[in-house]
2 protein chains.
Amino acid sequence: MIAAKTHPPQGTSVPTQTPLDPIDRTILATLQDEGRITNVELAGRVGLTAPPCLRRVRTLEESGIIRGYHAELDPAALGFGITVFAMVSLKSQAEADLLAFEEHVTALPEVRECHMLNGEIDFVLKIVAHDLQAFQLFLTSKLTPAPNVGSVKTSLTIRTAKQVPGVPVDLG
Amino acid sequence: MIAAKTHPPQGTSVPTQTPLDPIDRTILATLQDEGRITNVELAGRVGLTAPPCLRRVRTLEESGIIRGYHAELDPAALGFGITVFAMVSLKSQAEADLLAFEEHVTALPEVRECHMLNGEIDFVLKIVAHDLQAFQLFLTSKLTPAPNVGSVKTSLTIRTAKQVPGVPVDLG
DNA sequence: GGTGAAAGTTTTTCTCT
DNA sequence: AGAGAAAAACTTTCACC
């Protein structure tokens, strides 16, 4: 017989992630905006010296709050002139069918985002392509034949007024 | 009277941006994936020594192909549990009205993306919020009262199967 | 356009508070 | 937890091919 714990652990079972203090938030906001800033520059801005600043950054990375760093590229300069949103409805919403669709589209490099939504539309996809012809080919040969697809409605992006990575750290 | 040009400039008026060679593409793909990699590591991967690699990166930055670097943060860890897509149609599609709407929503920190689309839906917005209550408040007090709004249909993101920043550099 | 070495910073560790 | 000093690594410039 396994003895029951007489003293439940204090707090939750999840490691007590120290709630982010204002310095951590400033670090996150700064790195989200300028991902390649040097640690000494970052330390100066948040009012620390380099070593403790670096320790905080490493902690934030290891805890998964910072997932990674990415260069933001100009799609047009790489020949990707077309961005399309596709609203997809499936024939079946059984979990296995949802997963099968997700696995299919996740493997397609043209699909940059795939979000499952509530309501009549099951998924919204953000798709990039070199030109309209390449997109049409992608649509008919890759997306529409995906398992369990009911309907696909696509809308071309005419222009992008705002595209900010991440979340507003400043908001409480 | 202004003399007409007798010899039109060779090629286009845009500065002849050297088409990206395979090394540049590898640099871009690498930095898009690992934005904080050191230059020596990057140089090693693309088969160069550090100095020419750094020169290429600087050229790519100055030409605008690399727009910037950003840390990718975990929205949930910052308390942003809610991501919503809003499909907005305006009452008027005159350019001045489109711009007025864009200016309004661009200033809202909860709006992370705003794309103008063709078809019945004029704009798709990606919105983040701390919780449903905060989102409802945002919707009724910030988005719906935006100038010229006809209809707003919102869909909650249930889960995100794929979210890759940028474009597939590897694709021709 | 690339290489190799040298100079200047930055990162990172260590010790102390 | 943060500060200051020291060692290691990286960035950046320069002369050369």
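Quick note on labels: first sequence line is chain A, next is B, and so on, each numbered from 1.
- Summary of helix geometry: the two end axes of the helix from C/dG1-D/dC17 to C/dT17-D/dA1, each defined by five base pairs via their C1' atoms, are inclined to each other by 20° (rounded to 10°).
- Using a 4.5 Å heavy-atom threshold, the side chains of A/Gln93 and A/Asp122 count as touching.
- OP1 or OP2 of C/dT12 lies within a sub-4.0 Å distance of a side-chain N or O belonging to A/Arg58.
- Regarding A/Arg36, its CZ atom lies at a distance of 10 Å from the C1' atom of D/dT11, rounded to whole Å.
- Closest heavy-atom contact between B/Ile66 and B/Leu28: CG1-CD2, 3.6 Å.
- The base of C/dG1 does not come close enough to the side chain of B/Arg55 for any donor and acceptor atom to sit less than 3.5 Å apart.
- In this structure, B/Arg56 reaches the C/dG2 phosphate: one of its side-chain N or O atoms is under 4.0 Å from OP1 or OP2.
- Taking the six-membered ring for Trp, B/Phe123 and B/His115 have ring centres at least 6.0 Å apart.
- Between A/Leu42 atom CG and D/dG2 atom C1' there is a gap of 15 Å when expressed in whole angstrom units.
- For A/Phe80, the ring-ring contact (aromatic ring centres under 6.0 Å, His included) partners at least two apart in sequence or on another chain are A/His130.
- In this structure, B/Thr49 reaches the C/dT3 phosphate: one of its side-chain N or O atoms is under 4.0 Å from OP1 or OP2.
- Between the CD1 atom of A/Ile27 and the C1' atom of D/dG2 there is a distance of 13 Å, given to the nearest Å.
- At whole-Å resolution of the value, CD1 in B/Ile37 and C1' in C/dT11 are 16 Å apart.
- Of the two residues near DNA chain C, B/Cys53 and A/Thr38, the one whose nearest nucleotide lies more 5' is B/Cys53.
- Taking only side-chain atoms of B/Ala50, from C-beta outward, the nucleotide of D/dT12, C/dT12, D/dA3 with the closest atom is D/dT12.
- Using a 4.0 Å cut-off between charged side-chain N and carboxylate O, A/Lys126 and B/Glu113 make a salt bridge.
- Listed nucleotides C/dG2, D/dT12, C/dT12 differ in distance to A/Asn39; the shortest reach to its side chain belongs to C/dT12.
- Put simply, the side chain of B/Val57 reaches to within 4.5 Å of the side chain of B/Ile27, judged on heavy atoms.
- Note: CG (A/Leu20) to C1' (D/dA1) measures 16 Å, nearest angstrom.
- The residues B/Arg45 and B/Glu34 are annotated as salt-bridged, a charged nitrogen and a carboxylate oxygen being separated by less than 4.0 angstrom.
- For the pair A/Leu54 CG and D/dG2 C1', the interatomic distance rounds to 13 Å; values are reported in whole Å.
- Distance from the side chain of B/Pro52 is smallest for C/dT3 among the nucleotides C/dT3, C/dC14, D/dT11.
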